[in-house]
2 protein chains.
Amino acid sequence: MVRLAQYSHRIAVAPGKTFIQEGEPANDFFIVTAGHVKLFTLMPDGRRQITGFGQAGDFLGLASGTTYAFSAEALGPLSLCRFSRTGLGALRREFPALELRLMEEASRELVQAQRRMLLLGRKTARERLASFLLEQHYRSPTKAVAIHLPMTRTGIADYLGLTIETVSRTMNALQREKLITITQVTHITLLNLPALEILSRGG
Amino acid sequence: MVRLAQYSHRIAVAPGKTFIQEGEPANDFFIVTAGHVKLFTLMPDGRRQITGFGQAGDFLGLASGTTYAFSAEALGPLSLCRFSRTGLGALRREFPALELRLMEEASRELVQAQRRMLLLGRKTARERLASFLLEQHYRSPTKAVAIHLPMTRTGIADYLGLTIETVSRTMNALQREKLITITQVTHITLLNLPALEILSRGG
DNA sequence: CGTCATCTTGAGTTTATTCAAGTGGAGTGG
DNA sequence: CCACTCCACTTGAATAAACTCAAGATGACG
């Protein structure tokens, strides 16, 4: 892995900074080394769809042709490893294992994209929230039932295809039903994992 | 390409047949050679989300780990080329160009998945229908404004995250507004491509 | 020509949205 | 240390978009 350094640069990104702009030439490829990012697309009137949240270890920029198909913004302090796309070809020849790893990552993301189509196309607000909380739980390094949400209610809404009001109401409804506890706005404890799982699958 | 034959089998699938079942071991990988397929996932209560339609040249089974993440059904008479997943590794070693081709296809699908998240999460029924019709137009071999839909209204509804009634009403509304003509149920002519494009983008 | 499945249309309902106040908590300055 | 401010979040009431339920119409096929 020593030789990797010649192809990559470590960069720090300020909170809130949009470091990938939809439609711009896709020259680089990134790996998140610390922090959280949101990937999103915008409509002319401002409607926003967050297509994914990335955290340490995630690849950004796989899904592009010649221009980026999405924008990316740092949710907090962020560290990235940047690779030039032109260099990626050379990298692949030098590290054949990377080829396989890239393919695995693409397949994983494709499966996740299909799950999200089901969520966005067919699930109710309650089911979306339950699915979201379980996903955050599953992705947390500790797998503890106490989870921290790095994004705001607006972020959750734009991820789940809802409004912030619906997210807020539904979260509080889940708390009233003793499925979760909202310790702070960004700190949720999952009280009943099996019930949340049943809810997230739609019964 | 001569040697490819030793890894693949051509198979014919009857209309309506489900030839990939979600959750079953992902032993095979397919390429559509003729006809149309729908890829979908189901919820326990029967809610269905079609994640994509495939036609000649499309790859099926990219997005899987050890088990298939979706089901696939033939929309009409269908021809496939089947590859064993275990053999795919050998194939890749023998045909390095395949590696790149596979990666390109995965990237293309990922970009399309992001577009569909925006559609399912943020677009209105009218915008979804316009996007759908333009996609069918774009994917047709001839690129003619007269398009043929290989799927039923139920298929369109399950693809767009709507009900058949909403699809029917919206299609007829678009016809009343002179954006399309419904020659037959499955034959649509796009009368005003620029207007449809503006509509599909949301203004 | 009849049958069945698919599609269309209408009326009423539901879910989530919109619009409009309020509430709360973190950071700032007096 | 306490108001003040701002932003995010919550809550309520009214609205709208799409859904559900229920007939009909259409059309493909035997």
Side-chain angles (χ1 to χ4, degrees), chain A residues 15-16 38 43 45-50 73 75-76 119-133 148-177 180-188 199 202-203, chain B residues 15-16 38 43 45-50 75-77 119-133 148-177 180-188 199 202-203:
Chain A
K38 67 176 183 203
M43 290 175 72
D45 62 1
R47 275 177 279 174
R48 182 190 315 269
Q49 178 65 43
I50 295 181
E73 182 185 313
L75 284 175
L119 180 147
L120 293 169
R122 290 303 183 202
K123 289 188 184 177
T124 65
R126 285 165 54 77
E127 290 163 356
R128 292 182 201 201
L129 255 300
S131 303
F132 170 72
L133 292 170
H148 168 73
L149 305 177
M151 69 296 285
T152 65
R153 291 286 181 271
T154 304
I156 299 172
D158 287 341
Y159 185 57
L160 300 180
L162 300 169
T163 59
I164 51 171
E165 293 96 331
T166 299
V167 170
S168 180
R169 276 187 254 271
T170 307
M171 284 274 240
N172 286 296
L174 294 179
Q175 175 164 244
R176 256 174 271 124
E177 293 163 30
I180 64 173
T181 304
I182 306 172
T183 314
Q184 290 176 59
V185 182
T186 57
H187 289 75
I188 311 286
L199 177 56
Chain B
K38 66 177 184 201
M43 290 176 71
D45 62 2
R47 275 177 281 174
R48 184 190 316 269
Q49 178 65 42
I50 294 181
L75 284 176
L119 180 146
L120 294 170
R122 291 301 182 205
K123 289 189 184 177
T124 65
R126 284 165 56 77
E127 291 164 356
R128 292 182 201 200
L129 257 298
S131 304
F132 170 72
L133 292 171
H148 168 74
L149 306 176
M151 70 295 285
T152 65
R153 291 288 181 269
T154 304
I156 299 172
D158 287 341
Y159 185 58
L160 300 180
L162 300 169
T163 59
I164 50 171
E165 293 95 333
T166 299
V167 169
S168 180
R169 275 188 255 271
T170 306
M171 285 272 240
N172 286 297
L174 294 179
Q175 176 165 242
R176 255 174 273 125
E177 294 163 30
I180 63 174
T181 304
I182 306 172
T183 315
Q184 290 175 57
V185 183
T186 57
H187 289 76
I188 313 285
L199 177 56

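So that the names make sense, note that chain A is the first sequence line, chain B the second, and so on, each numbered from 1.
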Side chain to side chain contact (heavy atoms under 4.5 Å, CB included) partners of B:Ile188, counting only residues at least two apart
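B:Ile188 satisfies side chain to side chain contact (heavy atoms under 4.5 Å, CB included) with B:Leu133, B:Ile147, B:Leu149, B:Met171, B:Ile180, B:Ile182, B:Leu190 once adjacent residues are dropped.
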Nearest-angstrom distance from the residue atom [atom1] of [X] to [atom2] of [N]:
X        : N      : atom1 : atom2 : result
B:Arg126 : D:dA17 : CZ    : C1'   : 13 Å
A:Met151 : D:dA8  : CE    : P     : 15 Å
A:Ile188 : D:dT10 : CD1   : C1'   : 14 Å
B:Leu160 : D:dA17 : CG    : P     : 18 Å
B:Arg153 : D:dA25 : CZ    : P     : 19 Å
A:Leu149 : D:dC9  : CG    : P     : 10 Å

Minimum heavy-atom distance between B:Asp45 and A:Gly202, given as atom pair plus value:
OD2-O, 4.0 Å
For B:Leu119 and B:Ser131, work out which heavy atoms get closest and say how close.
CD1-CB, 3.7 Å
Is there a side-chain contact between [X] and [Y] in this structure, where contact means two heavy atoms from C-beta onward sitting under 4.5 Å apart?
X        : Y        : answer
A:Arg126 : A:Glu177 : yes
A:Met151 : A:Ile50  : no
A:Gln184 : A:His148 : no

So what does A:Thr166 hit on the nucleic acid, given a heavy-atom distance under 4.0 Å: a base, only sugar-phosphate, or nothing?
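A:Thr166: base contact, heavy atoms under 4.0 Å.
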Once you apply a heavy-atom cut-off of 4.0 Å, does A:Gly161 come out as touching a base, just sugar-phosphate, or nothing?
sugar-phosphate
Within the sub-3.5 Å range, which N or O atoms of nucleotides 12-16 of chain D have a protein N or O partner, and how far apart are they?
| from | atom 1 | to | atom 2 | distance (Å) |
| --- | --- | --- | --- | --- |
| D:dG12 | N7 | A:Arg169 | NH1 | 2.8 |
| D:dG12 | O6 | A:Arg169 | NH2 | 3.4 |

In Å, rounded to the nearest 0.5 Å, how long is the span from [atom1] of [X] to [atom2] of [Y]?
X        : Y        : atom1 : atom2 : value
B:Tyr159 : B:Arg128 : OH    : CZ    : 12.5 Å
B:Thr163 : B:Arg153 : OG1   : CZ    : 12.5 Å
B:Leu199 : B:Leu129 : CG    : CG    : 9.0 Å
B:Ile164 : B:Thr152 : CD1   : OG1   : 8.5 Å
B:Ser168 : B:Ile156 : OG    : CD1   : 9.5 Å
A:Glu127 : B:Arg47  : CD    : CZ    : 4.0 Å

Please find the earliest and latest nucleotides of DNA chain C, in the 5' to 3' direction, that have an atom within less than 4.0 Å of any heavy atom of chain B.
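The footprint of chain B covers C:dC7 to C:dA11.
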Do the side-chain N or O atoms of A:Thr152 get closer than 4.0 angstrom to the phosphate oxygens (OP1, OP2) of D:dA8?
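Indeed not, no polar side-chain atom of A:Thr152 lies that close.
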Where each residue is assigned the nucleotide of DNA chain D containing its nearest heavy atom, which of B:Thr163 and A:Met171 is assigned the position nearer the 5′ end?
A:Met171
Using five pairs at either end of the helix from C:dC1-D:dG30 to C:dG30-D:dC1, determine the angle between the two local helix axes and round it to 10 degrees.
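Overall, the helix from C:dC1-D:dG30 to C:dG30-D:dC1 bends by 30° from one end axis to the other.
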Sequence neighbours left out, what pairs pass salt bridge (Lys or Arg N to Asp or Glu O under 4.0 Å) with at least one residue falling in residues 155-166 of chain A?
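Qualifying pairs, neighbours excluded: A:Arg48-A:Asp158, A:Asp158-B:Arg122.
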Which protein N or O atoms sit under 3.5 Å from an N or O of nucleotides 27-30 of chain D?
none

Check whether A:Thr170 reaches the backbone of A:Thr166 with its side chain - one donor and one acceptor, N or O, closer than 3.5 Å.
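Yes, the answer is positive, given that a donor and an acceptor are paired below the 3.5 Å cut-off.
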